[in-house]
Amino acid sequence: MNLKNIQQFVAHNLKPIIALVSGVLMGITVAPFNIWLLAWFALAPLWVLVIKESQKPEFKKKKIILFPILWGIGYHGVALFWITGIHPMTWMGVPWLASIAIAFFVWVFITLWGAAIATFWVIILLGISNLKFPLKPLIRILIATAIWCGLEKLWSMGPLWWSSLSYTQSPHNLVILHLGQLTGTSAITAAIIAINGLLAEAYLYYSSSVLNKKNSQAKGMRYILFAIGLFISLHLIGYSLYSRPVIQSPETALKVGIIQGNIPNTIKLYPEGFRRAIKGYTKGYLTLAAQNVDAVLTPEGALPFFLRDIQQGSLVQSIREKGVVAWIGGFGERGDSYNNSLFTFTGKGEVFSRYDKNKLVPLGEYIPFENILGGIINRLSPLEAHQVPGASNQLFDTPFGRAIVGICYESAFPELFRRQAAAGGQFILSAANNAHYSKAMPAQHHAQDIMRAIETDRWAVRATNTGYSGFVNPHGKTVWISGHNTYEVHAETIYRRQTKTLYVRWGDWLTPLLIGLSVVVLLFNRDRVLGMD
């Protein structure tokens, strides 16, 4: 293909290319690129394309729907490309070619699942815009913001969720993330949508008919100034929350150690991995006990055995000798099935409490449509039994008070953390594996836990198998972070807190408020137009 053919192809497909590229720009806001500022205008091109095409007399809905699909593929495809790191799965007995096929299928599926949000957003927005009364730009922005927040809320209630627009700002824009203390992730998502909408509507005015162009440009400038003012105002609100001092009473102090075992998945479920786990975590525990820590946290599945086997091992024997509390990741039996669990062991080596992972990873921890896929993916866990989710209403008490627990994938579900904080959780324990992926995945995972720490106003302790482990304060500042694919032992002092943010008390009140306002405005606008007729 020569240069002329390329130019002709681009010219003929310019609009779809713009949609795809703007989605890619949104995708590089997160790790490993972290260009978070792009999120504030990367949606605007899609907005402009959809509105301009829908205003044409001969517009075709099927053609317009292509734009959000491409935008969503660009965003989620780039942001979640790390999922392809599940290949190769030959260590699990999956043939090399089948491993590639599975990795490609998973990446495509989660990309399209995420792209469905932008697609339904456009479909609903077009449906409302095609009513018999026109929508003014500010009304359209309100409705579009409400729709997107509502769709994210709906998606987060399902089994597959990770890439909310809000996480494009973590971990670098801590100021705006503090809006999460007011109403959770919806506040950040709404801010991003609204500002993109104002910029898009400004462009639509500037590119409107030459008739009365001076007036159109003046309106466009007002929308640009409005967008700038809103951006600054929201950041000032976030800064007012961010700048509040974190009260740290000595009596609430808790010195916690973490052990990052660094055991690759390729050996984790085999005898060599078992030996390294027992040796590494026992050694790490003894090192931390010598530093006079109050407790030790290990990663998800640190000891990939049933509880009864963990209790007979050297780590629990060391706990009995040193008397330091430990939170150990392992497997808890549940009838003929099992849970991915975190256990509290007291200084006497007795089990004090247990938390069972509620949000399981599709294909990673259970097989959707098992009757169809079970024969292709025969074994995804180290145990013959099936993994099942824990109850959704669990509480996790410890000798130091109630804790908030998230195991790996659960970090993407803010409601799980909010509920535990509302029930008295005083600090966050996040245990994860994260092995077998590039640095992008653990970096995004760390960014998710930063958001959970800010929303709940809690200290967070993160222990992972291969990185990144860390300690995060209630303002989202990372006090310490580990290396990647390294064995680490580290201790920090955190503080137990009993504060309750507005979000913890009321949950996501913004989304229903935006939807309610949108309905009221639509009804009022309809009645006013019909009355004029």
**Asked** After noting the C-alpha distance and the side-chain angles of Thr189 and Thr511, does the key distance pass the side chain to side chain contact (heavy atoms under 4.5 Å, CB included) rule?
**Response** CA-CA 10 Å; Thr189 294; Thr511 297; over 6 Å; no
Does either side chain, that of [X] or that of [Y], offer a donor lying less than 3.5 Å from an acceptor on the other one?
{"X": "His235", "Y": "Asn173", "result": "yes"}
{"X": "Ser186", "Y": "Asp508", "result": "yes"}
{"X": "His446", "Y": "Thr478", "result": "yes"}
{"X": "Asn358", "Y": "Ser392", "result": "no"}
{"X": "Gln217", "Y": "Tyr205", "result": "no"}
{"X": "Ser430", "Y": "Asp449", "result": "yes"}
{"X": "Asn465", "Y": "Gln260", "result": "no"}

How close do [X] and [Y] get, counting heavy atoms only, and between which atoms?
{"X": "Glu152", "Y": "Ser164", "value": "OE1-OG, 2.8 Å"}
{"X": "Leu46", "Y": "Ser22", "value": "N-OG, 4.4 Å"}
{"X": "Ala39", "Y": "Asn196", "value": "O-ND2, 2.9 Å"}
{"X": "Ile18", "Y": "Pro45", "value": "CG2-CB, 3.9 Å"}
{"X": "Ala79", "Y": "Tyr167", "value": "CB-OH, 3.6 Å"}
{"X": "Cys408", "Y": "Asn434", "value": "SG-OD1, 4.0 Å"}

**Item:** Candidate pair His445 and Arg462, rule side chain to side chain contact (heavy atoms under 4.5 Å, CB included), full reasoning
**Value:** CA-CA 10 Å; His445 194 183; Arg462 306 190 67 246; 3.3 Å; yes
Would you say [X] has more than 12 foreign heavy atoms packed within less than 6.0 Å of its [atom1]?
{"X": "Trp480", "atom1": "CH2", "answer": "yes"}
{"X": "Phe231", "atom1": "CZ", "answer": "yes"}
{"X": "Tyr223", "atom1": "OH", "answer": "yes"}
{"X": "Tyr203", "atom1": "OH", "answer": "no"}

Run the ring-centre check on [X] versus [Y] and record whether the distance is less than 6.0 Å.
{"X": "Trp161", "Y": "Trp155", "result": "no"}
{"X": "Trp107", "Y": "Trp82", "result": "no"}
{"X": "His76", "Y": "Trp113", "result": "no"}
{"X": "Tyr242", "Y": "His475", "result": "yes"}

**Message:** Any carboxylate oxygen within less than 4.0 angstrom of a Lys/Arg side-chain nitrogen, looking at Arg140 and Glu201?
**Reply:**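 Between Glu201 and Arg140 there is a salt bridge, with a charged N closer than 4.0 Å to a carboxylate O.
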Evaluate the side-chain proximity of [Y] to [X]: yes if any heavy-atom separation is below 4.5 Å, no if none is.
{"X": "Gln448", "Y": "Ser170", "value": "no"}
{"X": "Pro442", "Y": "His484", "value": "yes"}
{"X": "Thr111", "Y": "Phe81", "value": "no"}
{"X": "Lys219", "Y": "Tyr206", "value": "no"}
{"X": "Thr466", "Y": "Ile263", "value": "no"}
{"X": "Leu502", "Y": "Gln181", "value": "no"}
{"X": "Leu182", "Y": "Thr501", "value": "no"}
{"X": "Met157", "Y": "Glu415", "value": "no"}

**Request:** Show your working on side chain to side chain contact (heavy atoms under 4.5 Å, CB included) between Ile110 and Leu160 and close with a plain yes or no.
**Result:** CA-CA 8 Å; Ile110 64 172; Leu160 192 59; 3.8 Å; yes
Gap separating the [atom1] atom of [X] from the [atom2] atom of [Y], nearest 0.5 angstrom:
{"X": "Ile147", "Y": "Leu142", "atom1": "CD1", "atom2": "CG", "value": "9.5 Å"}
{"X": "Ile17", "Y": "Leu70", "atom1": "CD1", "atom2": "CG", "value": "9.5 Å"}
{"X": "Thr185", "Y": "Gln169", "atom1": "OG1", "atom2": "CD", "value": "12.5 Å"}
{"X": "Met26", "Y": "Trp40", "atom1": "CE", "atom2": "CH2", "value": "10.0 Å"}

**Message:** So does Ile407 get a backbone contact from the side chain of Glu410, meaning a donor-acceptor N/O pair under 3.5 Å?
**Reply:**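 Yes, Glu410 side chain to Ile407 backbone: donor-acceptor pair under 3.5 Å.
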**Message:** Can you tell me how the ring of Trp71 sits relative to the ring of Tyr75, calling it parallel under 30°, perpendicular over 60° and tilted otherwise?
**Reply:**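 Trp71 vs Tyr75 ring planes: tilted.
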**Request:** Using the six-membered ring of Tyr409, assess whether NZ or CZ of Lys359 lies under 6.0 Å from its centre and within 45 degrees of the ring axis.
**Result:**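 Output no; distance or angle outside limits.
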**Request:** Show the numbers, then the answer: is there a side chain to side chain donor-acceptor pair (under 3.5 Å) between Gln387 and Asn339?
**Result:** CA-CA 6 Å; Gln387 185 170 338; Asn339 299 117; over 6 Å; no
**Message:** The test is side chain to side chain contact (heavy atoms under 4.5 Å, CB included); show your working for Ile192 and Leu43 and say whether it passes.
**Reply:** CA-CA 9 Å; Ile192 292 171; Leu43 183 66; 5.9 Å; no
